[in-house]
Amino acid sequence: DGVLVNSEEICLDVELECLAEIGLTFQRHEYVSRFMGMTSADFYAALDNDLRTLHGRTLPETFPDVLHHRTWSVVETSLACIPGAPETVRA
């Protein structure tokens, strides 16, 4: 993620887009600082808490699956090597 391929940036873009669709918007730096490194369970629990606090509703049960499928759909079409990574690996 972000070392050999651009998957980290792709995942962040999709996550922020999916979250905005359910009413949770974050500045990129705020999102990274708050959620990066969390376990999936902690991540979804925090999102559920945010939705309850801000909008009085729970995280949709389908959200993890939707996020997973949308992320992989974009990864399959947009994943690219970080410039210089293939040469570094070969060396």
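Hydrogens, waters and symmetry mates are skipped; everything else that's a heavy atom, side chains included, is used.
- More than 12 heavy atoms of other shown residues, nucleotides or ligands fall within 6.0 angstrom of atom CD in Glu87.
- Using a 4.5 Å heavy-atom threshold, the side chains of Asp48 and Phe63 count as separate.
- The nearest pair of heavy atoms linking Arg70 to Cys18 is CZ-SG, 3.6 Å.
- The 12-atom threshold is not exceeded at CD of Gln27, counting heavy atoms of other residues, nucleotides or ligands nearer than 6.0 Å.
- Looking at every heavy atom in both residues, Phe26 comes nearest to Asp50 through CZ-OD2, 3.7 Å.
- Residues Met38 and Tyr31 share a hydrophobic cluster, clusters being chains of Ile/Leu/Val/Met/Phe/Trp/Tyr side chains in contact below 4.5 Å.
- The hydrophobic clustering, which links ILVMFWY residues whose side-chain heavy atoms are closer than 4.5 Å, places Val66 and Tyr44 apart.
- Remark: His68 NE2 to Ser73 OG distance equals 11.0 Å, nearest 0.5 Å.
- The CG atom of Leu59 lies 8.0 Å from the CG atom of Leu24; values are rounded to the nearest 0.5 Å.
- Asp13 is not listed as a side-chain neighbour of Glu17, based on a closest heavy-atom distance of 4.5 Å or more.
- Atom CD1 of Ile22 sits about 6.5 Å away from atom CG of Leu47, to the nearest 0.5 Å.
- Rounded to the nearest 0.5 angstrom, Phe35 CZ and Glu30 CD are separated by 7.5 Å.
- Between Ile10 and Val74 the shortest heavy-atom distance is CG2-CG1, 3.5 Å.
- A 4.5 Å side-chain heavy-atom check between Met36 and Leu12 finds at least one atom pair inside the cut-off.
- Once rounded to the nearest 0.5 Å, the distance linking CZ of Arg28 with CD of Glu15 reads 9.5 Å.
- No donor-acceptor pair under 3.5 Å is formed between the side chain of Ser78 and the backbone N or O of Val75.
- Listed for the Thr71 side chain is a donor-acceptor partner under 3.5 Å among the backbone atoms of Leu67.
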